[in-house]
Amino acid sequence: MEASLLSGGFTAPCNFPTQQNQHSLLPSLSFVGFPSRSFFALLENAAKNGALRVKGSKKGIQAVLGQRQLDEEDEEQENDSYANALTCVMKFGGSSVASAERIKEIAQLILSFPEENPIIVLSAMGKTTNNLLLAGEKAVGCGVSNASEIKELSFIKELHHRTVDELGVDRSVISEHLEELEQLLKGIAMMKELTLRTRDYLVSFGECMSTRIFAAYLNKIGVKARQYDAFDIGFITTDDFTNADILEATYPAVAKRLHDDWIADPAIPVVTGFLGKGWKSCAVTTLGRGGSDLSATTIGKALGLREIQVWKDVDGVLTCDPSIYPSAKPVPVLTFDEAAELAYFGAQVLHPQSMRPAREGDIPVRVKNSYNPKAPGTLITKTRDMTEAVLTSIVLKRNVTMLDIVSTRMLGQVGFLAKVFSIFEDLGISVDVVATSECYLLMQELDNVEEELEKIARVKLLQHRSIISLIGNVQRSSLILEKAFHVLRTHDINVQMISQGASKVNISLIVNDSEAERCIEALHQTFFESGKVTEENGSLADDLCDVLVN
Ligand SMILES: Nc1ncnc2c1ncn2[C@@H]1O[C@H](COP(=O)(O)OP(=O)(O)O)[C@@H](O)[C@H]1O
Ligand SMILES: N[C@@H](CC(=O)OP(=O)(O)O)C(=O)O
């Protein structure tokens with residue numbers, strides 16, 4: 001069909017397709033000016049039979065196709081992009097990518113969710129981060145000529161070479177990084193110092209290599225993947241090396257980069273966990289040990305994804321650290337607050353800051369076991385059915401020091417606690433738990449604090465104490481405390497301090513280190529093994545406690 005198109009203010013002849021001739025369509029047509037009614041009809045027909053895509057400003061297109069057709073098209077496009085959008089984050093920790101065999105399993109695991117378009121976040125392989133840190137420390141004192149011989153460097157080289165070989169991936173994907181790593185260790189040996197900034201750069205090699213290997217392997221097996229270094233795609237952090245915090249600017253930057261690349265050329269993004277870029281220094285930063293969980297939740301919030309999956313080597317968040325109490329069981333549901341609190345009080349399973357982006361974006365986090373994908377895992381959301389379980393987990397933090405501060409002279413006087421806390425601040429001491437009336441403080445580092453505090457109060461240092469945190473619905477504190485004290489009294493365990501966190505999900509008890517494990521065992525049996533303690537069945541649990549006692 002021959003037609004005239006008013007384009008750019010002049011009339012140009014062009015071929016409009018008929019249904020039989022759709023593929024001879026000009027790829028796009030633009031128009032300005034005021035074509036005739038019959039010209040509109042012609043365009044409308046071509047668009048209707050699907051042969052013509054009309055591009056232009058909304059107003060311009062409306063002029064041609066009318067509002068109804070435009071709405072239909074918008075809706076179709078929206079549906080299209082929804083169906084093809086990135087859907088979730090899947091974060092795999094060091095144990096999940098510790099060897100070629102594990103990497104193959106993880107690739108299959110990802111492929112077993114064909115309905116997902118995931119963003120993959122990876123930690124360094126196995127114990128690589130620890131080995132990098134040890135290598136850095138040894139380099140400080142070993143002399144330049146010995147730096148290449150550091151045992152941990154050899155472990156790292158051997159592990160990564162073996163892995164790429166077994167996966168059938170070209171060694172070139174990591175060779176530059178391994179060479180640079182060796183140079184860096186020589187540099188540290190030459191300078192005889194390892195600053196926090198250099199330490200972060202050093203450990204970044206772990207995630208940079210694991211993600212390159214994984215992306216190369218996915219591509220090799222025919223799954224299109226693209227590797228990203230977090231510090232290159234907008235993970236902007238504070239300049240607190242070794243413990244940097246994500247800044248707000250990260251969210252739009254990361255979302256734009258991952259989304260735009262996906263739209264332009266869909267490929268599974270494989271992103272380094274744990275790493276960022278300091279906003280002032282522009283140097284590589286790390287988010288604190290276990291920080292890949294935070295990288296994952298940051299991406300989840302940035303892109304407003306449906307779910308954040310954190311794949312571990314356990315069946316989810318457990319009622320207790322399994323290395324302390326092997327009969328710990330998976331917790332089916334947790335709130336963001338409960339998960340944050342248990343991480344803060346020492347449960348290694350999640351990074352303490354990682355719940356923040358998930359909570360802000362209200363994106364559910366699912367903790368799963370990459371060794372046992374069928375296990376339901378733990379779902380962490382904003383709220384849970386609080387009648388289901390009063391307690392969700394018990395956390396132990398060992399070897400803390402308790403400070404017993406007594407000042408009759410100053411007690412009740414305005415500013416006394418402020419003075420105490422300013423001493424802690426000056427000395428860089430972090431306080432875990434506080435109970436006042438008299439004033440007890442627990443902390444990790446001591447040094448000069450006793451000396452400073454003695455200027456304003458009588459101070460007693462009590463070392464080798466443990467914090468046992470009961471995480472759950474602390475609105476029901478009377479029920480929890482009644483059970484806890486009952487069982488502890490019957491086991492002859494003396495609680496030295498008790499504190500309820502402001503978060504309303506945590507009650508902390510302080511006991512001697514030597515009694516902590518016995519205490520955990522007794523509490524675990526009461527709350528998780530003698531029939532579930534719920535709001536409704538408090539009295540049933542009472543009876544069971546008595547059975548335990550007698
Ligand atoms: N309450 C808990 N629930 C589950 N795991 C816990 C808990 N407390 C401590 N852990 C430890 O956390 C480990 C999993 O976390 P992590 O080592 O960071 O996994 P990954 O490196 O795979 O991300 C478990 O192997 C377990 O030993
Ligand atoms: N590799 C870093 C970051 C991390 O998150 O590791 P993992 O997910 O294995 O705990 C570390 O060991 O701290």
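Atoms within a ligand are numbered from 1 in the order they appear, just like the ligands themselves.
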Worksheet item: Does the side chain of Asp337 come under 3.5 Å of the side chain of Thr335 through a donor N or O and an acceptor N or O?
Response: no
Item to complete: Identify the protein heavy atom lying closest to atom 27 (O) of ligand 1, giving its residue, its atom name and the separation to 0.1 Å.
Response: Asp321 OD1, 4.0 Å
Worksheet entry | Heavy atom of the protein closest to atom 9 (O) of ligand 2 (residue, atom name, distance) | Gly94 N, 2.8 Å
Worksheet item: Among protein heavy atoms, which lies nearest atom 6 (O) of ligand 2, and at what distance?
Response: Ser123 OG, 3.4 Å
Practice prompt. Give the atoms of ligand 1, by number and element, whose distance to some non-hydrogen atom of Ser95 is under 4.0 Å.
Written response: 22 (O)
Worksheet item: Do the side-chain N and O atoms of Ser466 and Asp513 include a donor-acceptor pair separated by under 3.5 angstrom?
Response: yes
Worksheet item: Does the protein put a heavy atom less than 4.0 Å from atom 17 (O) of ligand 1?
Response: no
Worksheet entry | salt_bridge(Asp293, Lys312) N-O dist < 4.0 Å | yes
Worksheet item: Under 4.5 Å between any side-chain heavy atoms of Val349 and Leu318, yes or no?
Response: no
Worksheet entry | Note, Glu338 side chain near Val317 side chain (heavy atom, < 4.5 Å) | no
Worksheet item: With only distance considered, is Gly93 within less than 3.5 Å of ligand 2 through an N or O on each side?
Response: no
Worksheet entry | ligand 2 contacted by Gly273 (non-hydrogen, < 4.0 Å) | no
Discussion item. At less than 4.0 angstrom from any non-hydrogen atom of Glu207, what atoms of ligand 2 do you find?
Written reply: 1 (N), 2 (C), 3 (C)
Discussion item. Is it the case that the side chains of Thr286 and Asp200 hold a donor-acceptor pair, with the cut-off being a distance below 3.5 Å and no angle test?
Written reply: yes
Discussion item. For Ser292, which part has a heavy atom under 4.0 Å from ligand 1: side chain, backbone, both, or neither?
Written reply: neither
Worksheet item: With distance as the sole criterion, is a donor-acceptor pair present between the side chains of Ser514 and His464 under 3.5 Å?
Response: no
Practice prompt. Start with the C-alpha distance between Phe92 and Arg102, add both sets of side-chain angles, then the distance that settles side chain to side chain contact (heavy atoms under 4.5 Å, CB included), and finish with yes or no.
Written response: CA-CA 11 Å; Phe92 296 94; Arg102 293 258 57 217; over 6 Å; no
Fill in: Atom indices of ligand 1 within 4.0 angstrom of Val317 heavy atoms, with elements
3 (N)
Item to complete: Provide the number and element of each atom of ligand 1 under 4.0 Å from a heavy atom of Lys91.
Response: 23 (O)
Practice prompt. Indicate, as side chain, backbone, both or neither, the part of Val314 found under 4.0 angstrom from ligand 1 when only non-hydrogen atoms are considered.
Written response: side chain
Fill in: Polar proximity ligand 2 side, Gly288 side, N/O cut 3.5 Å exclusive
no
Fill in: Nearest-0.5 Å distance, CG of residue Asn473 to OG1 of residue Thr392
9.5 Å
Worksheet item: In terms of side-chain heavy atoms, does Tyr228 have a donor or acceptor partner in Asp261 at a distance below 3.5 Å?
Response: yes
Discussion item. Check Arg306 with Glu116, please: is the shortest side-chain N to carboxylate O separation under 4.0 Å?
Written reply: yes
Discussion item. If we only consider heavy atoms of Cys320, is any one of them less than 4.0 Å away from an atom in ligand 1?
Written reply: yes
Worksheet item: Looking at Gly94, which atoms of ligand 1 are within less than 4.0 Å of one of its heavy atoms?
Response: 21 (O)
Fill in: Winner among Asp293, Leu318, Asp315 once heavy atoms are compared against atom 1 (N) of ligand 1
Leu318
Worksheet item: Do Thr272 and Gln227 have side-chain heavy atoms sitting under 4.5 Å apart?
Response: yes
Fill in: Sub-4.0 Å heavy-atom contact, Pro322 with ligand 1
yes
Fill in: Polar atom proximity, Arg289 to ligand 2 (N or O, under 3.5 Å)
yes
Fill in: Lys138 and Glu149 ion-paired at < 4.0 Å
no
Item to complete: Check the side chains of Asn512 and Gln496 for a donor-acceptor pair under 3.5 angstrom, ignoring hydrogens and angles.
Response: yes
Worksheet, complete the sentence: The atoms of ligand 1 lying under 4.0 Å from a heavy atom of Gly93, numbered in the order shown, are 20 (P), 21 (O), 22 (O), 23 (O)
Discussion item. Can you report which non-hydrogen protein atom sits closest to atom 6 (C) of ligand 1, along with the distance?
Written reply: Val349 CB, 3.5 Å
Worksheet item: Salt bridge between Asp170 and Lys220, side-chain N to carboxylate O under 4.0 Å?
Response: no
Discussion item. List ligand 2 atoms under 4.0 Å from Lys91, heavy atoms only on the residue side.
Written reply: 8 (O)
Practice prompt. Return the residue, atom name and 0.1 Å-rounded distance of the protein heavy atom closest to atom 19 (O) of ligand 1.
Written response: Lys312 CD, 3.3 Å
Discussion item. Yes or no: does Gly290 have any heavy atom under 4.0 Å from an atom of ligand 2?
Written reply: yes
Discussion item. Taking the basic N atoms (NZ, or NE/NH1/NH2) and the acidic carboxylate oxygens, is any pair closer than 4.0 Å for Glu517 and Arg398?
Written reply: yes
Discussion item. Below 3.5 Å, N or O to N or O, backbone or side chain included: is there any such pair between Ser95 and ligand 2?
Written reply: no
Fill in: For Gly316, atoms of ligand 1 separated by under 4.0 Å from a heavy atom
4 (C)
Item to complete: Note the single closest protein heavy atom to atom 11 (C) of ligand 1, along with its residue, its atom name and the distance in Å.
Response: Gln348 CB, 4.1 Å
Response to the item:
Closest heavy-atom approach to atom 13 (C) of ligand 1 among Thr378, Thr129, Asp313 is made by Asp313
